[in-house]
Amino acid sequence: MIKEYNDFEVWFVTGAQLLYGGDAVVQVDGHSNEMVAGMNASGILPLKVVYKGTANSSAEVLDVMSRAEADPKCVGVIAWMHTFSPAKMWIHGMQRLTKPLLHLHTQFNEEIPWETMDMDFMNLNQSAHGDREYGHILARMRKSHKTVVGYWKDPKTLGHIAVWQRVAAAWADAQDMRILRIGDQMNNVAVTDGDKVEAEMRLGYHVDYVPFSDVLQYFKAIEDSDVDALVAKYNSIYDTSQVLYEDGRKSIWNAAKAELTLRALLEDKGAKGFTTNFDDLGDVDVKISGMGFDQIPGLASQRLMAEGYGFGAEGDWKSAALYRTVWFMTQGLPEGCSFLEDYTLNFAGDRSSILQAHMLEVCPLIADAKPKLEVHYLGIGIRKTLTARLVFTSKTGRGVTATVVDMGNRFRLVVGDVECIKPKPLPKLPVASALWIPMPNFEVGAGAWIMAGGTHHSIFSYDITPEYWEDYAEIAGIEMLHIDENTTSENFKREMRINEVYYLLNKALK
Ligand code: MN
């Protein structure tokens, strides 16, 4: 189910023409090979770059873009114009390409060889104007793309390409993503709902309703011996010293059975994420019939998130899909990501902050230390009972949180920079949590998020920078509002008003 980056590659296409003679193109081909080999050897790029030759005519551009479009390994194209590549010949190829596109403005030669430079050298190092011609046609066509400017050996340049590669891979992953919605949206919540048809057209993923009676078919098929084995695994991984009594051990056993049930369901349906509903957990008289979960599958959700399955609570399918995308983009990065909810406010002047938690479902990838597996009473929803959960606090430090909301005529990605700080102990609230100060401060940051219509749920990562979200919004063609240390309420409101007009006119332009 989990695709790795080595299942994917990006293509590198060099724009040229035959005006300067075949010999020049042969030399450019050699330069391109050396550049791509150097980029792959840099250790900075998570995906392999595959050089696909020079494109010297409209037919050649259309041919290579058609092949890129058809190849499931190819998740995006990097285009570089070593010289003047008349951009009319790129029109049909760019119309054909729907995969992510990166325009690299670079040059084979680093510094001008002042003493020796002649016209032959110029013919091989003309991206200074070649890339402008290409940039013009992308602008003229309103073609979504990322522009990266810099020398191809510079780690900074490669860093921008690396971010785009991760986003392009996650975009490819989302195009066949299936999210299982177990039960419906809860309690008439508006912000977590939206247009699932538009989501599939615009963002790629598909959301399927799963009635709990379907879940029960998987639940009934779980063998007790498999549950025992998973409980033994929990005991070897986690600190379970808090669980002293038999009823607590029974709760852990039930949590393990819920995890095996959800895992079997997800694997059987080929799904990459799921949502739950704490009012829809099987038979109402589960204590008598045994047909259902004894409480929300909190521990299962925590552990499945850590493996890369998307999760959204209370039917929040947009958060489930976004979590999967964030997890996929940050594979191999060290600090972790999680689904989180704005829980309660802590007013403390300049250090005012928001406690982030959930009833149970916070991903242990963000934990600052080994999580504890604990059992406590949970009295919300249709079940009021003891239940298992991983308890921890998050690491401290800077991170970025994001959400997608449906504005009716567009999806809006709201992105907020935050700083996680150390919380005080919460002896009476035994759940996983983080405590953060939104940028630029609590007053402006929380205010902007609320004015933008952002959710109480969001997907947080320490490893992501706003550049990831800029690339994602560009590829998806959706609005992005970014709240950072430079945000002011006045400018933020102006940006939202301008965007309102832009998205009304955008469809007319296309
Ligand atoms: Mn919630």
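In each ligand, atom 1 is the first atom listed, and ligand 1 is the first ligand listed.
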Please tabulate, one pair per line, all N/O donor-acceptor pairs under 3.5 Å involving side-chain atoms of residues 217-228, not counting sequence neighbours.
residue: Gln217; atom: NE2; partner: Ser213; partner atom: O; Å: 3.4
residue: Tyr218; atom: OH; partner: Asp268; partner atom: OD2; Å: 2.4
residue: Asp228; atom: OD1; partner: Trp253; partner atom: NE1; Å: 2.7

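- A salt bridge links Glu259 to Arg303: one of the charged nitrogens lies within less than 4.0 Å of a carboxylate oxygen.
- Each of Val243, Val391, Asn235, Leu299 was evaluated against Leu373; a single residue qualifies, Leu299, per the side-chain contact (heavy atoms from CB on, under 4.5 Å) test.
- With waters neither drawn nor counted, the protein N/O/S atoms under 2.8 Å from the Mn ion (ligand 1) amount to 4.
- Note: Phe212 and Phe293 have perpendicular aromatic rings, judged against thresholds of 30 and 60 degrees for the angle between ring planes.
- Listed by chain and number, the residues in a side chain to side chain donor-acceptor pair (under 3.5 Å) with Glu500 are Arg410 (sequence neighbours excluded).
- Partners of Thr396 according to the side-chain contact (heavy atoms from CB on, under 4.5 Å) rule, which considers only residues two or more places apart in sequence or in another chain, are Lys422.
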